[in-house]
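Take a look at the structure below.
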Amino acid sequence: MKLWAFLRSFASAFFLRSRTEGEMDEELRSHIQCRADDLQRSGMSRAEAERLAKVEFGAYQKFKEECREERGGFWIETVWTDIRFALRMLRKSPGFAAVAILTLALGIGANTAIFSVVNAVLLRPLPYPNAKRLAMIWSTWGKETRAPASGPELIELRNRSRAFEEIAGIWVTSGTITGTVEPEQVRLALTTANFLPMLAEKPQLGRFFTPGEDRGGAAPLVILTDGLWRRQFGANPGIVGQTTRLNGNNFTIVGVLPRDFKLLFPDSRMADVQVFIPFLNDLEKQSRDTAYIRMVGRLRRGVTVAQAQSEAESIASQLRGEAKEYAEQSLRLSVLSLQEDDVRSVQPAVVSLFAAVVLVLLITCANLANLLLSRSGGRRRETALRTAMGAERRRIIRQLLTENIFLGCLGGIAALGIGWAALKWILSLQPEGIYLLIAAKLDGYVLAFTLVLSILTGVLFGLAPALLAARGDLVEILKECGQTTATGKPWLRQFLIVGEVSLGCILLVGTGLMIRTFTSLLRVDPGFHAENVLTFQMSFPWSRYGTVESVTNFLKDLRTNLAAMPGTQSVGGVSHLPLDEGLGNWYSYYWPEGAPIQQQNTVMADHRSTLPAYFRTIGATLLAGREFEDTDDASHTHVAIVDDTLAEQTWPGQDAIGKKLSVEDSPTGPFQFERESVVVIGVVKHIQAHSLTAKGRGQIYLPVPLAPRPVYSLVVRTTAPMQTFAAYVQQAVKKLDKDMPVSNLRPQMDYVEKARAQTRFVTLLAAALATLALFLACIGIYGVTSYSVAQRNREIAIRIVVGANSADVGRMVLRQSGLPVVVGVVVGLAMAAVLTPLLSGLLFGVHPIDPLTYAAIAVVLAAVGVLACYIPARRATKVDPITALRAE
Amino acid sequence: MTGQAQLLPGTLDLLILKAVSLGPLHGYGVLLRIEQISRGALLVEQGALYPALYRLVRQGLLKASWGTSDNNRRAKFYALTAAGRKRLRQEADGWNRLVAAIASALGAQPEEI
């Protein structure tokens, strides 16, 4: 209704405008006529009387304007008049209009695009009911932060917490669906019964799990995601109640999740979970130190994360006092808002990009202000004339501001197009890890942001020129009209150049550092050679592969088959591929045999189950000892290979070969954990397992027969192309087990590129913004220099006449226009030195104040800036004194 | 043209209300009436009258309607509303008190202290 009222008042002001305006004119004119009548009666001629009446009346336009203001509701029509005036002015100088609108469109458009990313990633609440009240609860075991919880820990916390109204748990693993169109390896989540109801209103079909259905001995139930339901079950609406085979067991389908449901958790692999089953286990009866469950809770209404955190701390201290497992590993708990935790890793990147794009906007504003200042020389006469006719200074400033804001809005409209295209490009980069980005679009918030930005930009670039234009001595200006002497404030223009060059400098330095980081990432040694290594994944259903022999034999046969493939150089396999974050990590405590009890549960290592020839195949460096062989099984000496990090930590300065380690393995079958002693037979160079840059935990490799796992990846070093390889693999696996799905057929290089994806994304975007900034700064410098050359034509001509040669003139122009560029570079470098340390979280292999980058940017920017001065300076040297002086 | 005084800020509205209270007037008439009732002592800039008239109309103190003037010109006539009448009384009282106070202050003699 409010909008309607606004529209009505607008419409009436618009349609009645001419009428009220006419009445006002008529009234004032009638006054003057009446006065003239009186004067005529006192003996003047009519013409004389009318002239005197007009003079007596005073500044007609000014009083009319004041009347308009006093009448109320005036602003609509004032704005309307101003806009029409602005349009007329723009039409009169189409070149200016085009440059201004294009500049604005680029500056604001870049902001629109980046803001839609910020909006999607940082601002928009997660698509869950009461998303603001959801929080992750992480455990800390000894030195391991952000660790999962054990079953009893979850139950204890749930029973004691008053800050949370619900606490749920999830564990993600891999499973196989069979008996459908095609056996498929799916990501499988085991959850507590309350997990899904916390994240969705209701399923699109069927129901959620109900309390108790997650207990040990309950019937096996399953809930499917929309994607899997469509793909494997043909979107059958009568699916609820049917059974499906999951890991070789029958599960009853009780529900299908909503179409847009997605697990947006700090752990990106959770996003592809396709199947949910209840834990089917009494969690409180599990071992207190087998930690594998991710906990998420919903805070009670009105409870803050900080309050929940302090409660969690006190519960952790109670637990430490009650059980030795918690005490020994000094269990602690931390509560983090789900949204904040989700974006933890991308926030610095997104915030940095937003800061960069704000710099671009400031440069745009400086450019526009410069453009307007150059133009205000011409506009001064017009404003002076209007002042002479009684327009107030305030009124003129308002008119100029309206004009600029209108210009800003025109630019904003064009910016939407540019922003849309830029966002499309950003999305096409598909940055892994910034998965919330997929939802980025030009929604209402982004449109509102663009509108506000356009208006703000108009004010920002328009205020100074408007204030200046409305100032100055009337008579002076009118007198100098017709002459083209330099007008305005040259120092203001130069200040703006210093400003935009220094802002551009900051952006370029930041981008330079990102590029250096990316090249460091390209050069970093991950501990393996990914070229020519192809991989695929399989998961072994526990119903059919419940024994060590079944897994071992299958892998052995497959290895033989793959070795026979043309082009194969070597075949190996491992439970977790390096840089593949798709599987839950497998890590636990280890200690050298005979370590005192207080040192036993202190240090963890990543544990990997490994096939013979794995290290050779993936191109790792074996520093000492040997790889596994087929005979390294439970019936022989139990052996392990460790990485140099662990060897150095455990036996500093000693030879690790032959030493004994206490580790957790499962020689009697999957999930049958035992702690036992193994002999180190090899030391391998550390392999970057989770990221290319972070120094990871130590690594312990065990042979498959000692540590069978539910999922294996095979690695093949081959010259065969991917397609041939894929076809061969599918066939080789089918031959051994027709129900065994093959997934993630891809080169190992994919994982490496994925690990570089975020840096690549940020670098590309930063480079785009820096290019834009450089381009805008060039236009600015070029524009100001050309303008000043044009203004000084006459002066230059005189100089030439009195004997300056063209080289002198060129040098003079270059010196005067180049100075602000050089000052800008210096100021920019100084500001960059203050700001770039804030980027250090994004950088790798380069110091935030990297002298090489700083020097290179200074040279590039100064060179480009001077080049932008040079072209107009050359024009100055070609000034023909005769024509220039005659033109005056 | 001697003996004329500049208007104090804010007094123009009061004068207009007073002038119109003696009978509906058009803008020029208001001007003449003020001259007449101030015996030519107060000078109103002609154009400045209109913003004040529009302001008083917006405040609901005056109402305006079109009519014909004595010398047969179409003109807009202003008349006092009830609110205008009330305001005139208040302002006039306030003004009189102020004038009395200032006059007594200025007329003070040394022996009175």
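Throughout, a chain's letter reflects where its sequence line sits, starting with A, and its residues are numbered from 1.
Within the 4.5 angstrom heavy-atom criterion, no atom of L56(B) approaches chain A.
Side-chain atoms of L90(A) and L410(A), non-hydrogen and from C-beta on, do get closer than 4.5 Å to each other. Looking at L25(B) and Y78(B), their side chains never come closer than 4.5 Å, going by heavy atoms from C-beta outward. Side-chain atoms of R97(B) and D93(B), non-hydrogen and from C-beta on, do get closer than 4.5 Å to each other.
Remark: I455(A) engages I405(A), C409(A), L451(A) in a side-chain contact (heavy atoms from CB on, under 4.5 Å) (not counting sequence neighbours).
With chain A as the partner, the residue from E45(B), R55(B), K76(B) showing the most heavy-atom pairs under 4.5 Å is R55(B). With chain A as partner, the option from G29(B), A75(B), A48(B), G27(B) having the largest number of non-hydrogen pairs under 4.5 angstrom is A48(B).
Applying a 4.5 Å heavy-atom cutoff, the residues of residues 26-39 of chain A that approach chain B are E26(A), E27(A), L28(A), S30(A), H31(A), Q33(A), C34(A), R35(A), D37(A), D38(A).
Ion pairing of E50(A) with K54(A) is absent here, as no side-chain N (NZ or NE/NH1/NH2) approaches a carboxylate O to less than 4.0 Å.
In K18(B), the NZ atom is not crowded: 12 or fewer heavy atoms of neighbouring residues, nucleotides or ligands sit closer than 6.0 Å.
S69(B) places a side-chain N or O within 3.5 Å of a backbone atom of R73(B) that can act as its donor or acceptor partner.
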